[in-house]
Amino acid sequence: VCLLLLSPWGPGTRRLLFPLALSLAYLGACTLERIRRGEAHRGPLILAAAILGIVIAWGYLTHGTGQLEVLRIGWLHWQARFLILGTLLLLFGRGRSWTAPAAAILIAAELLLAHLPANPPMPKQLLLPETGPIRFLQDHLRDGGRMAALGRDFPPNLPTLYGLADVRVYNPMAPAAYFQRLEPVITGWWGEIPELGNPGHPLYAELGVRYILTGPETTLPLPLVFEDHDGRVWEVAGPRR
């Protein structure tokens, strides 16, 4: 039914791709489980692999342009290799406990080979850039203590990626008692994320906050311990440990 509705005349074709892909994945998982139990016969497996090989070859050889000939033929060879390896795995893995994990590894290898060159990982220095205020907090909070940031500076949950203990947390399932406790220093909301302010309130010290991070233009009634073009760090007196 999904294949018929996915025709050029069918409405909402993109939405139907999800149930179609889910159905195919479920069918594949059920078939793999039957193979693992030794219930599948070798004849239908070989026939299905032969039909799939013909479809793959037809798709690569009858579509595309000459400009991508090398890439197209190269991928035809790679998919033929994976098809042969997958067929051998299913034939000799009938009734084996390692069949499903081996099939998952083979599929993952094919997906990585196909998509990793086109979607390379970001350089480490771009993934989590360390600014001056962040390095200061990392150096001065190694022995314990928490930090906080005012407004929308350094959004909550992000500091934990740098190993910093942040008094804030963004969790839609957070208990109401958490927000009630922070109510004296909550000055606004960014969607569901509370924005902190009122830096002179003693609640920061009670929560163990040693430093407060702000933007480079902000001025607070607290001792300034670090500043550069990325931001400023202010010290809270007498934080509770």
Side-chain angles (χ1 to χ4, degrees), residues 1-128 157-158 160-163 169-174:
V1 174
C2 288
L3 287 175
L4 292 176
L5 294 176
L6 281 172
S7 64
W9 301 276
T13 54
R14 291 189 177 182
R15 294 183 179 180
L16 290 174
L17 286 175
F18 178 76
L20 176 61
L22 181 61
S23 301
L24 292 175
Y26 181 76
L27 179 61
C30 293
T31 304
L32 184 59
E33 177 64 15
R34 291 183 63 240
I35 294 173
R36 187 190 67 81
R37 294 182 178 183
E39 299 175 358
H41 300 288
R42 292 185 176 182
L45 287 176
I46 297 175
L47 179 61
I51 295 175
L52 182 58
I54 293 173
V55 172
I56 292 175
W58 170 79
Y60 277 105
L61 296 178
T62 60
H63 299 78
T65 62
Q67 295 178 347
L68 300 176
E69 185 74 12
V70 174
L71 179 62
R72 188 158 51 92
I73 299 302
W75 263 108
L76 173 60
H77 292 164
W78 269 114
Q79 290 217 304
R81 295 187 185 102
F82 279 108
L83 178 59
I84 294 173
L85 288 175
T87 303
L88 294 176
L89 171 65
L90 297 180
L91 288 176
F92 293 99
R94 293 170 63 247
R96 307 284 185 176
S97 60
W98 47 261
T99 303
I105 293 174
L106 187 64
I107 294 172
E110 182 179 8
L111 292 175
L112 287 174
L113 182 65
H115 297 289
L116 188 59
N119 301 278
M122 295 176 58
K124 185 178 180 181
Q125 61 270 23
L126 297 179
L127 183 61
L128 289 174
N157 296 353
L158 185 58
T160 58
L161 299 178
Y162 292 90
V169 63
Y170 169 58
N171 182 0
M173 301 299 292

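Side chains included, hydrogens not; waters and symmetry mates left out as well; all remaining heavy atoms used. For the single chain, residues carry numbers from 1 onward in sequence order.
- At least one side-chain heavy atom of Leu90 sits under 4.5 Å from a side-chain heavy atom of Leu32.
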For the pair Ile35 and Leu91, evaluate side chain to side chain contact (heavy atoms under 4.5 Å, CB included) and give the outcome as yes or no after the intermediate values.
CA-CA 8 Å; Ile35 294 173; Leu91 288 176; over 6 Å; no

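- A heavy-atom distance below 4.5 Å is found between the side chains of Leu76 and Ile56.
- Partners of Arg34 by side chain to side chain donor-acceptor pair (under 3.5 Å), not counting sequence neighbours: none found.
- In this structure, CG on Leu52 lies 11.0 Å from CG on Leu47, to the nearest 0.5 angstrom.
- Between Trp78 and the choices Leu113, Ile73, Leu83, the side-chain contact (heavy atoms from CB on, under 4.5 Å) rule is met once, by Leu113.
- Counting heavy atoms of neighbouring residues, nucleotides and ligands inside a 6.0 Å radius, atom CZ of Arg81 exceeds 12 of them.
- In this structure, Leu112 CG and Ile105 CD1 are separated by 11.5 Å, a value rounded to the nearest 0.5 Å.
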Please walk me through it: do Arg94 and Arg42 pass side chain to side chain contact (heavy atoms under 4.5 Å, CB included)?
CA-CA 9 Å; Arg94 293 170 63 247; Arg42 292 185 176 182; 3.7 Å; yes

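- Side-chain contact between Thr31 and Tyr26: absent, with no pair of heavy atoms (C-beta onward) separated by less than 4.5 Å.
- Contacts of Gln79 classified as side chain to side chain donor-acceptor pair (under 3.5 Å), with partners at least two apart in sequence or in another chain: Tyr60, Glu110.
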One pair to check against side chain to side chain contact (heavy atoms under 4.5 Å, CB included): Leu45 and Thr87. What are the steps and the verdict?
CA-CA 7 Å; Leu45 287 176; Thr87 303; 5.8 Å; no

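- In terms of the ring-ring contact (aromatic ring centres under 6.0 Å, His included) criterion, Tyr170 has no residue partners (sequence neighbours excluded).
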